[in-house]
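Worksheet: one structure, shown below.
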Amino acid sequence: MTTDLTRLTADALATKLSAGEVSSVEATQAHLDRIAAVDGSVHAFLHVASDSALAEAADIDRRRAAGEELHPLAGVPIAIKDVIVTKGMPTTSGSKILEGWVPPYDATVMTKLRAAGLVSIGKTNMDEFAMGSSTEHSAYGPTHNPWDLERIPGGSGGGSAAAVAAFEAPFALGSDTGGSIRQPAHVTGTVGLKPTYGGVSRYGAIALASSLDQIGPVSRTVLDSALLHDVIGGHDPRDSTSLTDVWPSFAEAVRNADVAGLRIGVITELQGDGFQPGVMERFREALALLEGAGAIITEVALPSVEHAIAAYYLIMPAEASSNLAKFDSVRFGLRVNPKGGGTVEDVMSATREQGFGAEAKRRIILGTYALSAGYYDAYYGSAQKVRTLVQRDFAAAFANADVLVSPTAPTTAFKLGEKTGDPLSMYLNDIATIPANLAGIPGISVPVGLAAEDGLPVGIQFLAPAREDARLYGVAAALEALLEQKWGHTLLSQAPDLSPSEMNATDEGAV
């Protein structure tokens, strides 16, 4: 019986590649075939780099055959969120204003991936400039959740999460400004980690909010996220916010996972009202498993969390309005010339009117207003004070707990179109993830089962103090192992099959 290479974890696939049991070309082609079979329904990808991916894979096979010592992940395919600039591949950030733009350089994380020999198979869909929680604000149409194609895959990085959940890629890169890695992981049954701010270079990531953005891994297992994090992490002199720390091996933290004696603080303010019963049921079951394994469960308070969303939606748009000012029709990207001509200002206005979507315009206007004379202190300045309170609350909580925990999001995946007419309702979906970005601390979402009401995935979120990413990998891996021992299978093995043609072919072969 032939192994379906697309169903292997990145770690398992890397092992087969290293042993010579499969070639990188075969592994890459299998994932490209999977994309061709199912992505018409999922729409996880904006660009599929078939030719360059196969060329990269063939080069890895040649080097391996020549006896060259390669990185353990060399030859493993990976998908890239379209907010990360890629030399030779279009980078649009989900916006029409960058349609067709091919960057002349690579982001630092891409340079590291290429050096390790990972094979980039394409760019994934996202909310325009990472502004959204559902990937419905992409200028190129929404991505669909592989568990239910009528539901959202989360946002802004729904494309990366959906690609991994649909077995179109073993793992992917995402970016997290207010939960854009963790919330999609929650609704697609995948693993998503936001590193400590500054732990992974942001050089070459198209900025939404520079003090909040962070690139991180998306995967199907905690170990795969750790392996990818080991590749992309570390200091980068081209990023002024990059930490100079020497990081431990996150993969080793996974392999040595143990929660005995670990103090886990349940965030009082992030449970109860507004949280779906099925989400809370899975959450409490996960806590019971951890307690049974020797963890110490306590309650902790984060009083300022109730103001975090309001502060975030002033800080983030303010920084976005500044960062997006570069899209002016003059230097790169779209240029729209008004009928009859006009001044540079007229061209700029026409370009932005046509190039930016409704959500991007909403946030730019809000941010510009918050930064305007007479309102800066009342809005942006006050929001920064709340941010300080959030950071102090976390510091106090971590004095009494090693990690903090909450549901990753209040509900399972909602239906496409359900909240597009109500921005405030959409924003509230990030209530549990935003505080970590304001504080600059790491967070991880791990699947803990399916909600009883709708059979859709539920995630649990762990948070740790800044620079303690390894601690997150340890507790997440321990819980993952406990859950899979309890279930007797992985969560994603229960996901719907998206390719009837493949099932028919299998049945005919059996006969």
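These figures come from a predicted structure and were not determined experimentally. Atoms considered below: every heavy atom in the structure, side chains included; atoms not considered: hydrogens, waters and symmetry mates. Here, residue 1 is the first one in the sequence, and each next residue gets the next number.
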For Ala165 and Pro146, work out which heavy atoms get closest and say how close. CB-CG, 4.0 Å
With heavy-atom distances below 4.5 Å as the criterion, would you say the side chains of Val85 and Met110 are in contact? no
With ring centroids as reference points, do Phe167 and His31 lie under 6.0 angstrom apart? no
Measure the shortest side-chain to side-chain distance between Ile444 and Leu463 over non-hydrogen atoms and say whether it is less than 4.5 angstrom. no
Which is it for Tyr473 and His229 under the ring-ring contact (aromatic ring centres under 6.0 Å, His included) test, yes or no, and what are the steps along the way? CA-CA 11 Å; Tyr473 280 114; His229 195 167; 5.7 Å; yes
Can you confirm whether Pro407 sits close enough to Gln461 that some side-chain heavy atom of one is under 4.5 Å from a side-chain heavy atom of the other? no
Quick one: does any side-chain atom of Trp147 pair with a main-chain N or O of Leu456 as donor and acceptor, under 3.5 Å? no
Angle class for the Trp247/Phe250 ring planes (parallel below 30°, perpendicular above 60°, tilted otherwise)? tilted
If you count heavy atoms of other groups shown closer than 6.0 angstrom to CD of Glu484, is the number above 12? yes
On a heavy-atom basis, which atom in Arg387 and which in Leu438 lie closest, and how many Å separate them? NE-O, 2.9 Å
On the ring face of Phe414, is Lys419 found with NZ or CZ under 6.0 Å from the centre and within 45° of the axis? yes
Side chain to side chain, Ser160 and Pro184, heavy atoms closer than 4.5 Å: no
Testing Thr190, Val76, Val191 for side-chain contact (heavy atoms from CB on, under 4.5 Å) with Phe171, which one passes? Val76
Is a side-chain donor or acceptor of Asp224 paired with a backbone partner of Asp11 at a separation under 3.5 angstrom? yes
Apply side chain to side chain donor-acceptor pair (under 3.5 Å) to the pair Asn125 and Thr135, showing each step before the final yes or no. CA-CA 7 Å; Asn125 197 17; Thr135 316; over 6 Å; no
What heavy-atom pair brings Ser180 and Ala130 nearest, and what distance separates the two atoms? OG-O, 4.5 Å
Does Glu453 reach the main-chain N or O of Gly278 with its side chain, forming a donor-acceptor pair under 3.5 Å? yes
Check for a donor-acceptor pair, side chain of Ser95 on one end and backbone N or O of Thr92 on the other, with a separation under 3.5 Å. no
Asn400 and Thr298 have their tightest heavy-atom pair at O-OG1, 4.5 Å
Whether the Asp106 and Thr111 side chains hold a donor-acceptor pair (N or O, under 3.5 Å, no angle test) is what I'd like checked. no
A side-chain contact here means heavy atoms from C-beta on lying under 4.5 Å apart; do Leu479 and Val448 qualify? yes
When you measure from the side chain of Thr268 to the backbone N and O of Val300, does any donor-acceptor pair fall under 3.5 Å? yes
Chi angles and distances behind the side chain to side chain contact (heavy atoms under 4.5 Å, CB included) call for Thr196, Ile441: CA-CA 5 Å; Thr196 294; Ile441 63 174; over 6 Å; no
Would you please say whether a donor-acceptor pair under 3.5 Å links the side chains of Asn437 and Thr177? no
In terms of side-chain geometry, is the basic nitrogen of Asp176 or Lys194 positioned less than 4.0 Å from the acidic oxygen of its partner? no
Report yes or no: does His71 contribute a side-chain atom to a donor-acceptor pair with the main-chain N or O of Gly117 at less than 3.5 Å? no
Student check: side-chain heavy atoms of Arg363 and Ser321 closer than 4.5 Å: no
Is Arg392 atom CZ crowded by more than 12 heavy atoms from other residues, nucleotides or ligands, each under 6.0 Å away? no
With the side chain counted from C-beta on, respond yes when Val187 and Thr408 share a heavy-atom pair under 4.5 Å apart, and no when they do not. no
Which atom names give the shortest non-hydrogen contact between Ala172 and Ile78, and what distance separates them? CA-CG1, 3.9 Å
Looking at Glu418 and Lys415, does any basic side-chain N land under 4.0 Å from a carboxylate oxygen? no
Taking every non-hydrogen atom, the tightest pair across Lys81 and Ser175: NZ-OG, 2.9 Å
Whether over 12 other heavy atoms sit under 6.0 Å from Tyr380 OH: yes
Within the 4.5 Å heavy-atom criterion, are Ile267 and Val405 side-chain neighbours or not? no
Side-chain donor-acceptor contact under 3.5 Å, Asn429 with Ser133: no
